[in-house]
Amino acid sequence: MGKAISKSGPVRALGAMSGTSLDGVDVAVLETDGQAIFGFGEVGYRAYSSEERAVLRAALGQWSGDAVTAAARVVEAAHVELMRDHLDVDLIGFHGQTVAHAPRLQGTLQVGDGSVLAEALGRPVVWDFRSDDVSMGGEGAPLAPFFHHACAQYIGATEPLCFLNLGGVGNLTYVDPRVARPEDAGALLAFDTGPANAPINDFLQARLGLQMDEGGKVASGGTVEHGALELFLAEPYFSRMPPKSLDRNDFPEMIGLVSELSDADATATLTAMCAAAVAQGMEHCPEPPKRLLVTGGGRHNPVLMEMLRVSLDCPVEPVEAVGLDGDMLEAQAFAYLAVRVARGLATSAPRTTGVRACVGGGILTVPDGWSMRAG
Ligand SMILES: Nc1ncnc2c1ncn2[C@@H]1O[C@H](COP(=O)(O)OP(=O)(O)OP(=O)(O)O)[C@@H](O)[C@H]1O
Ligand SMILES: CC(=O)N[C@H]1[C@@H]2OC[C@@H](O2)[C@@H](O)[C@@H]1O[C@H](C)C(=O)O
């Protein structure tokens with residue numbers, strides 16, 4: 001008899017995220033029934049080599065063709081290599097790598113074929129999480145908010161709070177934990193705040209050959225150029241009502257705004273742009289949140305964290321303050337969402353992506369010998 005995916009009770013899912021900063025693949029195990037979090041399991045990371053990263057970068061902004069195919073093969077191979085060591089699970093949630101995102105125009109594209117993973121790893125795989133949401137009028141992003149709601153319940157929050165992810169792009173989730181289910185009115189509001197680490201990385205790569213502003217060292221020696229900051233904040237995106245989402249390279253003129261500045265001043269200004277976009281976004285919260293919990297690589301940048309603290313009225317802390325793992329929250333989110341998709345539960349709602357009605361987005365590919373257990 002083949003193996004079966006159960007339809008109720010907690011299962012172990014392995015989530016995987018390859019984020020917009022193109023640094024590598026994160027995987028994390030989560031125990032969940034698709035609603036509550038029952039526990040967190042092992043985590044893993046595999047960096048992309050510089051050759052692999054160049055292949056991914058070459059595909060950015062493209063919807064088809066050889067560059068996209070080559071990127072997909074890199075993504076699949078990296079995931080299979082990493083996931084082979086983490087297979088004590090019932091199900092896999094595979095986000096893939098976003099190479100293009102224009103939900104109102106061509107759609108959204110995450111490369112990497114989940115059926116390749118299902119075949120190679122012998123586990124059911126949920127993938128292509130964003131397309132259904134886009135076809136139902138949504139932004140296709142952000143998708144972590146339903147998981148943020150579960151995290152708020154898990155940590156016992158009783159008042160509204162925000163989660164802020166500072167990856168290549170920034171995204172904010174307002175959670176009211178007093179509303180029991182994430183799909184119910186008032187539970188969530190979510191959107192991308194603006195560019196976060198991607199422009200800092202891209203600028204420092206071009207100017208100094210650095211991959212990032214480690215510890216905020218470059219920015220800490222600089223002064224923010226307020227004229228450039230104001231020009232940036234005049235972008236119509238910031239006054240648009242949420243939900244709304246961004247592609248990694250949606251603000252190409254940002255680097256131009258700082259190109260005449262010194263390395264330190266330019267980095268400080270790009271860092272301030274990220275923080276100011278968050279502060280502007282926070283004004284959309286339906287109620288002032290009690291705290292802002294920061295996840296993603298940007299929480300390791302003390303200059304960015306301090307800029308957020310001075311511009312916001314609530315405490316700003318890394319998610320570690322409540323016992324969560326800020327390097328793995330997105331991978332855990334896709335483990336959580338995979339279980340929801342496999343069980344027919346929604347993964348986005350009108351107030352998280354702008355989708356017309358709650359939708360559970362994703363493809364479930366079941367390898368040979370597996371089936372769904374009824375009930
Ligand atoms: N010690 C550090 N100091 C400063 N910045 C850091 C540090 N560690 C990570 N970062 C920044 O965080 C980035 C990685 O963040 P993260 O892994 O959350 O991004 P991602 O998941 O790829 O992006 P996204 O969430 O947009 O998909 C790095 O590229 C770097 O810019
Ligand atoms: C299209 C896409 O891949 N968007 C990512 C990106 O990275 C951060 C931000 O922009 C967020 O909207 C999203 O990722 C997270 C995991 C999300 O969907 O919640």
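First listed ligand is number 1; within each ligand, the first listed atom is number 1.
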Starting from [atom], find the nearest protein heavy-atom neighbour and note its residue, name and distance.
atom                    : value
atom 19 (O) of ligand 1 : Ser21 OG, 3.2 Å
atom 1 (N) of ligand 1  : His300 CB, 3.4 Å
atom 23 (O) of ligand 1 : Gly168 N, 3.0 Å
atom 31 (O) of ligand 1 : Asn201 OD1, 2.7 Å
atom 4 (C) of ligand 1  : Asp213 O, 3.1 Å
atom 3 (N) of ligand 1  : Gly215 N, 2.9 Å
atom 9 (C) of ligand 1  : Gly297 O, 3.5 Å
atom 24 (P) of ligand 1 : Thr20 OG1, 3.3 Å

Going by an N to O cut-off under 4.0 Å, is there a salt bridge joining [X] and [Y]?
X      : Y      : result
Arg57  : Glu51  : no
Glu183 : Arg340 : yes
Asp202 : Arg248 : yes
Arg130 : Asp133 : no
Glu139 : Arg104 : yes

- Task: Please name the residue in the list Ser348, Pro350, Ser135 that meets the side-chain contact (heavy atoms from CB on, under 4.5 Å) test with Val359.
- Result: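 Going through Ser348, Pro350, Ser135 one by one, the side-chain contact (heavy atoms from CB on, under 4.5 Å) with Val359 is satisfied by Ser348 alone.
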- Among Pro242, Cys162, Pro145, find the residue that satisfies the side-chain contact (heavy atoms from CB on, under 4.5 Å) test when tested with Leu172.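 Of the listed options, the one satisfying the test is Cys162.
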- Message: Show, in sequence, the C-alpha distance, side-chain angles and deciding distance for Glu225 and Val258, and conclude whether the side-chain contact (heavy atoms from CB on, under 4.5 Å) test is met.
- Response: CA-CA 8 Å; Glu225 219 296 293; Val258 300; over 6 Å; no
Would [X] count as a polar contact of ligand 1, with the cut-off being nitrogen or oxygen pairs under 3.5 Å?
X      : answer
Met17  : no
Glu330 : yes
Gly296 : no
Leu22  : no
Asp26  : no
Asn301 : no
Met212 : no

Tabulate distances under 3.5 Å between N/O atoms of ligand 2 and N/O atoms of the protein, writing both atom names on each line.
from, atom 1, to, atom 2, distance (Å)
ligand 2, 3 (O), Thr98, OG1, 2.6
ligand 2, 3 (O), Arg130, NH2, 3.4
ligand 2, 12 (O), Asp192, OD1, 2.7
ligand 2, 12 (O), Asp192, OD2, 3.2
ligand 2, 14 (O), Arg130, NH2, 3.3
ligand 2, 18 (O), Arg130, NH1, 2.8
ligand 2, 18 (O), Arg130, NH2, 3.0
ligand 2, 18 (O), Leu143, N, 2.7
ligand 2, 19 (O), Leu143, N, 3.0
ligand 2, 19 (O), Ala144, N, 2.8

Donor-acceptor contacts under 3.5 Å from residues 203-216 side chains, at least two apart:
from, atom 1, to, atom 2, distance (Å)
Arg207, NH1, Leu261, O, 3.0
Arg207, NH1, Asp263, OD1, 2.7
Arg207, NH2, Ser259, O, 2.9
Arg207, NH2, Leu261, O, 3.0
Asp213, OD1, Lys217, N, 3.1
Asp213, OD1, Val218, N, 2.7
Asp213, OD2, Ala219, N, 3.1

- Task: Look at the rings of Phe238 and Phe251 and say which category their plane angle falls in: under 30° parallel, 30 to 60° tilted, over 60° perpendicular.
- Result: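 The rings of Phe238 and Phe251 lie parallel, inter-plane angle below 30°.
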- Task: Taking the six-membered ring for Trp and the full ring for Phe, Tyr or His, determine whether the centres of Tyr174 and Phe163 are under 6.0 Å apart.
- Result: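 When the ring centroids of Tyr174 and Phe163 are compared, they turn out to be at least 6.0 Å apart.
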- For Ile200, is the nearest heavy atom under 4.0 Å from an atom of ligand 1?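 So Ile200 does not count as touching ligand 1.
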Under a 4.0 angstrom heavy-atom cut-off, which atoms of ligand 1 come close to [X]?
X      : answer
Gly298 : 12 (O)
Val169 : 26 (O)
Asn165 : 25 (O)
Glu214 : 1 (N), 3 (N), 4 (C)

- Task: Please report the closest heavy-atom contact between Leu91 and Ala342, naming both atoms and the distance.
- Result: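 Looking at all heavy atoms of both residues, the shortest contact is CD2-CB, 4.0 Å.
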- Nearest non-hydrogen partners of Ala152 and Leu161, listed with the distance: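 The pair with the smallest heavy-atom distance is CB-CD2, 3.9 Å.
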Using atom types as modelled, flag every donor-acceptor pair under 3.5 Å from a side chain in residues 313-321 to any protein atom, sequence neighbours excluded.
from, atom 1, to, atom 2, distance (Å)
Glu317, OE1, Arg291, NE, 3.1
Glu317, OE1, Arg291, NH2, 3.1
Glu317, OE2, Arg291, NH2, 3.3
Glu320, OE1, Arg299, NE, 3.1
Glu320, OE2, Arg299, NE, 3.4
Glu320, OE2, Arg299, NH2, 2.8
Glu320, OE2, Gly326, N, 2.9

- Query: With the 4.5 Å side-chain cut-off for hydrophobic clustering, are Tyr237 and Leu233 part of the same group?
  - Reply: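 Same cluster: Tyr237 reaches Leu233 through Ile, Leu, Val, Met, Phe, Trp or Tyr contacts under 4.5 Å.
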- Under the ring pair (Phe, Tyr, Trp, His ring centres under 6.0 Å) rule, collect the residues that match up with Phe40, sequence neighbours excluded.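 In terms of ring pair (Phe, Tyr, Trp, His ring centres under 6.0 Å), with neighbours along the sequence ignored, Phe40 is linked to Tyr154.
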